[in-house]
Amino acid sequence: MFRKTILLIGFSGVLAAAQMPQIVKQGQKYTLMVDGKPFIVLGGQVNNSSGWPGRMQEIWPVFKALNANTAEIPVYWEVVEPKPGEFHFEAVDQIVRDARTQRLHVVFLWFATWKNGAMDYAPSWVKGDPVKYPRMIDSGGQQVRVLSPHSENTRSADQGAFVAFMRHLKEVDGDAHTVIMVQVENEPGSLFTDRDHSPASNKLFEGPAPAALTTALKRPAGTWSEVFGAEADESFAAWHVARYINEIAAAGKKEYPLPLYVNVWLREQKNFMRPGENYPSGGGTANMLDIWKASAPAIDVIAPDNYVTDYMNYRAVCESYHRPDNPLLIPETGGTGGYPRYMFYAIADFDTLGFSPFGIDRIAGGALPAAAGAAAGQSMMDLVRPLIDNYRLLGPAVDKIAELQGTGKLRSAVEEDQLTERLLVFTNYEVLAQFGPTRTSYGGTFASGTAKTTGRAMVAELAPDEFLLIGFDSRIRFEPRRGSKLKNSQFVWVEEGRYEDGEWKTTRRLNGDETFFGVSLPSQGGMLRAKLMSY
Ligand code: DGJ
């Protein structure tokens with residue numbers, strides 16, 4: 001299905017080589033292509049100070065233990081360019097070599113002008129020269145610990161380093177494509193102030209909002225305050241931060257056109273929603289997404305760091321970043337508790353290009369699998385077990401699942417507290433996923449939920465009478481879709497199996513007790529294909 005004309009999104013000047021990682025768009029469907037095949041990042045992000053080859057030696061086994069296919073690892077401007085114009089990529093090179101040995105892909109995270117709405121990864125020669133590389137000024141006239149997006153000096157310094165980095169990546173990885181994406185900056189925007197209140201920025205702020213922006217947003221012309229009202233300061237910040245990053249990204253892409261994304265510190269948290277206080281002002285938050293899409297065409301994806309803890313709001317975040325002009329990608333999230341379940345929503349309902357819990361070294365205690373038997377390690381393993389199981393089950397099938405994403409044929413059925421059944425309606429069949437023990441009472445057979453809320457499944461309609469079922473702790477039953485004259489359904493056959501290189505391999509046929517009451521996806525996970533008929 002990818003043989004047809006495909007549209008390369010993002011930077012348009014360079015047509016990538018055949019096997020170059022890229023994000024393609026066909027109709028409304030986005031697919032991350034890696035090694036020429038659809039791919040989903042089943043990843044993990046290491047802690048902030050773990051992007052060192054020595055430290056990574058301790059963490060690589062964790063990725064193996066997780067069954068991850070991708071490692072997200074920071075690259076630090078302060079380390080890459082300790083003196084202006086003097087570049088060091090030894091750590092990058094070693095990490096790329098080691099990732100190949102581990103048979104893992106890498107997403108590098110460019111920690112530079114911005115890190116968590118501050119400037120902490122700027123080299124000391126930037127930190128030490130606030131005249132040349134100015135900080136933002138808050139509304140009280142005080143400097144804050146954030147570089148100003150209005151400084152040409154700072155932008156061009158960051159850009160020079162990023163260009164050198166991308167050029168170097170092409171040299172060392174342009175054939176192998178171990179590195180599949182790069183995150184430009186980290187949670188950009190400003191903590192401590194809603195925008196730069198320096199005299200020069202104030203003057204800009206009092207002027208008109210740029211015509212390019214108002215036209216793109218289909219809003220009437222006017223000053224920032226006239227056009228954006230209460231969100232004027234934040235919108236001004238978003239436009240300038242996005243354009244600053246766009247210039248850096250476009251220059252980097254010219255060197256080596258890898259997919260590029262920017263991650264977002266969300267505003268959807270349990271607190272006030274005040275930009276510059278509760279989250280960085282000017283980042284690609286949901287309310288600023290239109291501005292970001294209009295200002296940063298060289299950025300392929302604006303990607304939410306989705307740490308929202310309840311499933312409704314987790315889904316709402318996924319939904320707001322899953323747009324015709326922006327695929328969903330979750331570069332940071334949790335790895336324990338509800339998150340392994342939420343992964344099923346993200347993949348099946350919102351077509352995410354990737355899912356990567358943050359702090360992998362911490363999650364797994366940094367000592368796996370050698371210490372997997374140790375008491376402390378053991379409990380950590382228990383906590384991440386559902387994630388490990390997800391990655392083990394889905395890993396070999398990511399190309400097939402990515403192919404099904406965005407077609408409207410793939411849906412999640414996930415257990416939540418008091419939500420012990422999910423009913424999905426497809427073309428000819430209704431599919432009921434039930435979680436935990438069942439009891440028969442008036443009106444049918446009902447499920448009471450699993451002990452640890454571990455029911456999670458994906459259902460894909462491969463043909464109107466054929467389904468693929470993937471998941472854990474679920475019993476799946478079928479009925480003819482309501483409205484048809486048919487009253488009963490029956491399995492023609494059910495196969496248990498797995499995907500290998502996109503091909504279905506049957507391990508056995510299920511029948512008898514294994515299909516009489518519907519089919520089951522066991523606790524350790526399973527993949528089934530079922531052909532149905534109705535009468
Ligand atoms: C989000 C940031 O992007 C990460 O680098 C890290 O600081 C985490 N927060 C910590 O929770």
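Order of appearance sets the numbers: ligands from 1, and atoms from 1 within every ligand. Note that the numbering runs from 1 along the sequence shown for the chain.
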Could you tell me whether the side chains of Gln94 and Asp98 share a donor-acceptor contact shorter than 3.5 Å?
yes
Residues passing the salt bridge (charged side-chain N to carboxylate O under 4.0 Å, His left out) test with Glu416, sequence neighbours excluded, are Arg341
Residues in side-chain hydrogen bond (donor to acceptor under 3.5 Å, both in side chains) with Asp473, at least two apart?
Thr454, Ser523
Near ligand 1, which residues have a heavy atom under 4.0 Å away from one of its atoms?
Asn48, Lys115, Asn116, Asn186, Glu187, Asn263, Asp305, Glu332, Phe358
Under 4.0 Å between a Lys/Arg side-chain N and an Asp/Glu carboxylate O for Asp300 and Lys25?
no
With distance as the sole test, does Asp173 use its side chain to make a donor-acceptor pair with the main-chain N or O of Val179 at under 3.5 Å?
yes
Taking side-chain hydrogen bond (donor to acceptor under 3.5 Å, both in side chains) as the test, write out the residues that go with Gln183, two or more places apart.
Asn186, Tyr261, Asn263
